[in-house]
Amino acid sequence: MFKIVSAEFLAPEVKRFEIEAPKIAAKRKAGQFVIVRISAHGERIPLTIADSSVERGTITIIVQGIGKTTREINEHKTGDFFMDVVGPLGLPSHIENFGTAVSIGGGVGTAIAFPTAKALKEAGNHTISIIGGKSKEYVILEKELREICDEVYPTTDDGSYGYHGFVTGKLKDIIESGTKVDFVLAIGPIPMMKAVAEVTRPYGIKTVVSLNPVMVDGTGMCGGCRAVVGGQTVFVCVDGPEFDAHEVDFTLLMKRNNTYRSEEKSALDKHVCNIDKQFAEAINN
Amino acid sequence: MAELTKKERMQIPRQPMPEQAPNSRNKNFTEVNLGFTEELAKLEAERCLQCPKPKCIEGCPVGVQIKDFIKLVADGDYLAAASKIKENNVLPAVCGRVCPQEEQCEAKCVTGLKGESVAIGRLERFVADYERTTTGIRQAEIKTKTGKKVAIIGSGPAGLSCAGELVQLGHTVTVFEALHDIGGVLIYGIPEFRLPKEIVKAEVDALEALGVEFKTNSVIGFTDTIDELMTVEGYDAVFIGVGAGLPYFMNLPGENYNGVYSANEFLTRVNLMKAYKFPEYDTPVFDVKGKNVAVFGGGNTAMDAVRTSKRLGAANARIIYRRSEVEMPARIEEVHHAKEEGIEFVMLTNPLEFLGDEAGWLHGVKLKRWSLANLMLLEEEDPLRYPVQSMLCQSTWQLLQLVTAQIQSLKRQHPISTSINGVISRLKKPQ
Ligand SMILES: Cc1cc2nc3c(=O)[nH]c(=O)nc-3n(C[C@H](O)[C@H](O)[C@H](O)COP(=O)(O)OP(=O)(O)OC[C@H]3O[C@@H](n4cnc5c(N)ncnc54)[C@H](O)[C@@H]3O)c2cc1C
Ligand SMILES: Cc1cc2nc3c(=O)[nH]c(=O)nc-3n(C[C@H](O)[C@H](O)[C@H](O)COP(=O)(O)OP(=O)(O)OC[C@H]3O[C@@H](n4cnc5c(N)ncnc54)[C@H](O)[C@@H]3O)c2cc1C
Ligand code: SF4
Ligand code: FES
């Protein structure tokens, strides 16, 4: 059992947890993830390690409630336990001093990109962060990113905060304004990552994305997480999760992620969700 | 009862295993084999000739004292028989169910020369079940503590056997398992209807009672490394039993359509994650109800996958195998059971390509057929264009592929033993 030492909502349906897991905290590197299972009947859910504290022996995960299990995860509170947490899994991000590095997060992708952005800064890069959200309340981790990045640009689809438009619009502006961009990391919904890849492709900017196929074991044992990168089949859990954005077959990934569409929907419909109530409580406190 | 003569013994027919009727069992996940009754067990045990130089034991990889335990069964002392088996085998209920006895002990048994060999596996299972359901699994003796610590990586049958042996020798044993549950292939691969998970758990619990410590959620190489286990955590020896089971794909067009699975993924979803009980359990598996399923391969894995599909409601569940039936590596019992359950067998056939729709869903498979004589391609494009949801089943396992880069490189250099003092890796020939 893994104790939750703190839990708080960052945005609607987006919750941050600090969990006691000293071994993982000591080992993990930016870009790696854990698999969480909350009960004996539960699914194994991959979640990126957003941060860790070796002193406190904790790791931080940030979870977006989009389906049955992620919403159930988000019903957990400080003092509760997760049944299983295993990791750190996957290959760490490749970090070097590229020069100017832009990290782009869409929705909860910002949380996934956060540790790598931090590591890029520590490696000496000039770091620019673009945080995408539907509207203002979905722009997460701005304060935390401002502490570690040289420039931070929130963007919202509805223009309620920051740049009005998609992250790709802002990225284009940055590139076209003459800033020499050497590296781009993009993490978010598949269409966003695909769009970013198309923006940087003509400029030949090295671009990395973190893929999120459906996983089971996370140890390379099942092949369920396979994707095609550069014409080769890869197992994202052990060969990734980060890959060269210009080589990834995003269309295939999108199709494969639909495999359990109808089962997921029926599970979610059955799950009487009290997230909204919790969120209301959280912001009233 | 007077002692039977050799001739009389040889006249007793091999006792059949009571089992669920094919037509009801192919719709449920409860165990197919029901196990011997005492009467059947005794009768079967009487068939053993108590050879002065028993051949059977030569065929047993762990050297169970077969002749002696069978004698105890014939005498009706089942608990003593259980103790006898456990002198050499810590997983008798598991082995009695899934070992390929027909290639091991039973293949060597002299009675098999003229008639049918003694049903050693069934007797082993009977004895283990008898003990578990009457007294519960009784604890073996433990030698004086040696003060030595051993780390075992992987909790499949290799790791569990090693743990059982070492703890009885007085060592302190910890098993590290990457998954959230203990048993390796026994819990994620082999289905409930062949090996109930309760039975695996009982044998694991017995090891725990002996003092073996189990640490789940520990991927060695990631959560801990072998170096750390030996230097920081003070283990004197490490045993690597991480299995050989990584799927590889055949690199055929259409292999990534939704509906194409490795057997490992399909079986892991169904067995470990209990997808056959979805939505009571949260993990789903492709809904095969009323659909056509093709399973490529002829081993135990393929049999398990195809029989599982049938139980999940597949309209047609087929084995498609590139060679002919005699070459199929599966246990004979599994092939026999599969046929009884309505599984269709298509031999000398290979997949060429998977066919799918725009949205990425599998709709069919293009096959090629081979002639028996010289494995020549018979037809370029076979008329058999199965509409299927298919599983890809590895017909050979990719040997020695491992999860952890660390162990991976270790093994590449040293296929059987490693260069670190005290580290033994155990690699089984793939099935
Ligand atoms: C390496 C990796 C790291 C991840 N890190 C994070 C993280 O830090 N925070 C976070 O909130 N999420 C993260 N995810 C995504 C997260 O694992 C999924 O959102 C989760 O598995 C969905 O489970 P569910 O039962 O709640 O939803 P489901 O009911 O299974 O699915 C609901 C919806 O989500 C889609 N979906 C299913 N699985 C995934 C998936 N793996 N990724 C994206 N969409 C999916 C489905 O198509 C469906 O539309 C990560 C995924 C991977 C593979
Ligand atoms: C579906 C199926 C059916 C089968 N049926 C039969 C049968 O009827 N009869 C028969 O004799 N054989 C059968 N086999 C083959 C048999 O199961 C294997 O030979 C046997 O399981 C090998 O045992 P093992 O302990 O070496 O490995 P496994 O059972 O594969 O166990 C290895 C364990 O190590 C864990 N692990 C891997 N890497 C790490 C790591 N880095 N850190 C920690 N843990 C790790 C894995 O999660 C796993 O639990 C079958 C195999 C399959 C897949
Ligand atoms: S070889 Fe067969 S008959 Fe002889 S002792 Fe072994 S089981 Fe009995
Ligand atoms: S999740 Fe099973 S191999 Fe990656």
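Hydrogens, waters and symmetry mates are skipped; everything else that's a heavy atom, side chains included, is used. Chain letters run A, B, ... following the sequence lines, proteins first, then strands; residues in each count from 1.
Contact annotation for B/Y257: only backbone heavy atoms (N, CA, C, O) come within less than 4.5 Å of a heavy atom of chain A. Interface residue A/T259: backbone and side-chain heavy atoms are both found under 4.5 Å from chain B. Contact of B/E228 with chain A is made through the side chain alone, with heavy-atom distances under 4.5 Å. Using a 4.5 Å cut-off between heavy atoms, A/R256 contacts chain B through both its backbone and its side chain. For a residue to count as touching a neighbouring chain, one of its non-hydrogen atoms must lie under 4.5 Å from one of that chain's; by this rule B/P279 touches chain A with the side chain only.
The two residues A/G42 and B/M273 come nearest to each other via the heavy atoms O-CE, 3.4 Å. For B/S262 against A/C222, the heavy-atom pair with the smallest separation is OG-O, 2.5 Å. Heavy atoms only, all atoms of each residue included: A/Y260 and B/F286 are closest at CE2-N, 3.6 Å.
Considering B/N264, B/T268, B/T283 in turn, B/T268 is the only one that fulfils the side chain to side chain contact (heavy atoms under 4.5 Å, CB included) rule with A/V216. Each of A/I24, A/V85, A/V86 was checked for a side chain to side chain contact (heavy atoms under 4.5 Å, CB included) with B/N217, and the lone residue meeting it is A/V86.
Considering CZ of A/R44 and CG of B/D282, their distance stands at 13.5 Å, rounded to 0.5 Å. With rounding to the nearest 0.5 angstrom, the CE atom of A/M221 is 7.0 Å from the CG atom of B/L272. Taken from OG1 in A/T219 to CZ in B/F222, the straight-line distance is 9.5 Å, to the nearest 0.5 Å. Expressed to the nearest 0.5 Å, how far CD of B/E265 lies from CZ of A/R226 amounts to 7.0 Å.
When the heavy atoms of residues 25-36 of chain A are compared with those of chain B, the residues falling under 4.5 Å are A/K27, A/Q32, listed by number.
For B/N258 (side chain) and A/K255 (main-chain N/O), a donor-acceptor pair under 3.5 Å exists by modelled atom type.
Taking the charged nitrogens against the carboxylate oxygens, A/E263 and B/R269 have no contact shorter than 4.0 Å, which rules out a salt bridge.
In this structure, A/H41 and B/Y281 have parallel ring planes: the angle between them is below the 30° cut-off, well short of the 60° mark.
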